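Notes follow the structure.
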There are 2 protein chains.
Amino acid sequence: MGPPAKLRPKIRDFDPKKFLATIGEGRKVLSFPKKQTVFSQGDAADAVFYIQQGKVKLMVVSNDRKEATLGILSTGDFFGEGSLAGQALRMGSATAMTDCELLRIDKKAMMLALHREHTFSDLFVAYLRARNIRYEEDLVDQLFNSSEKRLARLLLLLAHFGKESEPETVIPKISQETLAEMIGTTRSRVSFFMNRFRKLGFLDYGESGLQVSSLLNVVLHD
Amino acid sequence: MGPPAKLRPKIRDFDPKKFLATIGEGRKVLSFPKKQTVFSQGDAADAVFYIQQGKVKLMVVSNDRKEATLGILSTGDFFGEGSLAGQALRMGSATAMTDCELLRIDKKAMMLALHREHTFSDLFVAYLRARNIRYEEDLVDQLFNSSEKRLARLLLLLAHFGKESEPETVIPKISQETLAEMIGTTRSRVSFFMNRFRKLGFLDYGESGLQVSSLLNVVLHD
DNA sequence: AGAAATGTGTGCGAAAGTGAACATATTTCG
DNA sequence: CGAAATATGTTCACTTTCGCACACATTTCT
């Protein structure tokens, strides 16, 4: 990538306790087993979710049945905020990728809390901005790069998922299908590039999952 | 498009007066002649801008010198909000497409106002959400659609630029080059599709600019 | 006006990406 | 354990898109 290419910012230092305190009623902790749907495209959008534990996949389906994955969110992320901006219906679906513990906040309660609590509002604004930046970068990525580079970038981002440290293990089990949906290409293409990366030593199909080498950056810079 | 395809939301009912009132110092009204740069990629990001009058184009340059246009904003829009989320440098550039009157707000003053004024904060959150939705849709569009469909969608969006009404005239003079940069393809491709649309009667190169027929929608729905 | 800079219409070979098919692996589960 | 369901590696004909080239039109400037 380049100037716009940065790791996706995240608001992980968001304090759930302070958060809980500001919301009086209208909140509820929910558990979702792996693979369960949190909400579906077309559902009424009357709540926001906050991930206390686990990973959630956001996706949309096109009219011709193709699927795209907009992102994989984890602990500390919000999703479903569309409801706050007047969206009456869900534009996409959300499913639990792992067992999850989610905080469900009614739209109304959320709006009230945002209006009432300065600190909370500040944090939420920061969160929205971070998401914005991420989308902006994803968009730039799509506009500029080939699918090979997009895959490389995605793998690098996933490798640093949550952590800031050295070459780390990618989330165990994200299917090539999902990867393909995230960068807008076909699975066969993903398979092809993954193997190329592996042959070049940028990737390692280890025991504990996929090891991403920071050498993969080479692919991005031509 | 489909479920995710909606017109880009906008916060036009945002009240500049209330806005001005909440920001004490740290704001300044600036005039920019057409084509002038407001800020460049790499500049220090220490302020947010609000468009009081005119149109502004946001763009980024890749390391291999290619350009992409992230959006065209107009009266009532904010830009440069990256500075609020800890971005020290501008990720892209902003240039005036028409003579503009912009309100420049220091990062610090903006943060204070957001923290202090509930109403302002609420409006800004709404604005950020709207932007988010737009980016999300653009991203979905890139992931799903061919360049022909992306062009059709863009033209339709531009046609409704600001208005909610009937088939309208597209902004006079947006070059094919810019259109190409917005949907991530080449100018020749844009030219090709534009003529195809025109032959099909979906487009009209009128006097006052480009007339977009709502018939263009059929291109989207296959 | 007339030169220079920009923008547009078109064609074409090369490159990238698609989509479907098929043969293995691997995982999930009764 | 094995059958069924999933996931992965690989091939290949077919499309789409890119990149570039060049002629012509329009706008901008001196």
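Order of the sequence lines sets the chain letters (A, B, ...), proteins ahead of strands, with each chain counted from 1. Treat the numbers as computed from the prediction; the structure is a model and nothing was measured.
- Using a 4.0 Å heavy-atom criterion, one finds that S191(B) contacts the bases of the nucleic acid, with or without backbone contacts as well.
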Quick one: what's the B/S/- string for nucleotides 24-30 of chain C, heavy-atom cutoff under 4.0 Å, read 5' to 3'? -------
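- For F193(A), counting side-chain heavy atoms from C-beta on, the closest listed nucleotide (dA7(D), dG7(C), dG17(C)) is dG17(C).
- Within the 3.5 Å criterion, the main-chain N or O of A45(A) finds no donor-acceptor partner in the side chain of R90(A).
- Relative to the axis of its first five pairs, the axis of the last five pairs of the helix from dA1(C)-dT30(D) to dG30(C)-dC1(D) sits at 50°, rounded to 10 degrees.
- Distances shorter than 4.0 Å separate some side-chain N or O of N195(B) from OP1 or OP2 on dT10(C).
- When the C1' atom of dT8(D) is taken as reference, atom CD of Q176(A) falls 5 Å away, rounded to whole Å.
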Test log, rule salt bridge (charged side-chain N to carboxylate O under 4.0 Å, His left out), inputs D46(A) and K107(A): CA-CA 5 Å; D46(A) 52 1; K107(A) 171 184 172 178; over 6 Å; no
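- At the phosphate of dT17(D), OP1 or OP2 sits under 4.0 Å from a side-chain N or O atom of S147(B).
- Nearest to the side-chain atoms of R189(B) among the listed nucleotides dG9(D), dT17(D), dG17(C) stands dT17(D).
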Assess the residue pair E148(B) and R196(B) against the criterion (salt bridge (charged side-chain N to carboxylate O under 4.0 Å, His left out)); give the C-alpha distance rounded to whole Å, side-chain angles, the decisive distance to 0.1 Å, and a yes or no. CA-CA 10 Å; E148(B) 180 175 20; R196(B) 174 188 288 188; 2.9 Å; yes
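- Counting non-hydrogen atoms of neighbouring residues, nucleotides and ligands closer than 6.0 angstrom, the CD atom of Q53(B) reaches no more than 12 such neighbours.
- Distances were taken from every side-chain heavy atom of S188(B) (C-beta onward) to each of dT11(D), dC18(D), dT10(C); the shortest belongs to dT10(C).
- Between T185(B) and dC18(D) there is a side-chain polar atom (N or O) within less than 4.0 angstrom of OP1 or OP2.
- Taking the ring centroids of F78(A) and F124(A), they lie under the 6.0 Å cut-off.
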Is there a side-chain contact (heavy atoms from CB on, under 4.5 Å) between K66(A) and L143(B)? Walk through the geometry before answering. CA-CA 10 Å; K66(A) 271 186 288 196; L143(B) 292 176; over 6 Å; no
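- A donor N or O paired with an acceptor N or O is found under 3.5 Å between the base of dG9(C) and the side-chain atoms of R187(B).
- When the nucleotides dG19(C), dG9(C), dG17(C) are ranked by their closest atom to the side chain of Y205(B), dG9(C) comes out on top.
- R198(A) comes within 4.0 angstrom of sugar-phosphate atoms only, judged by non-hydrogen atoms across all strands, and of no base.
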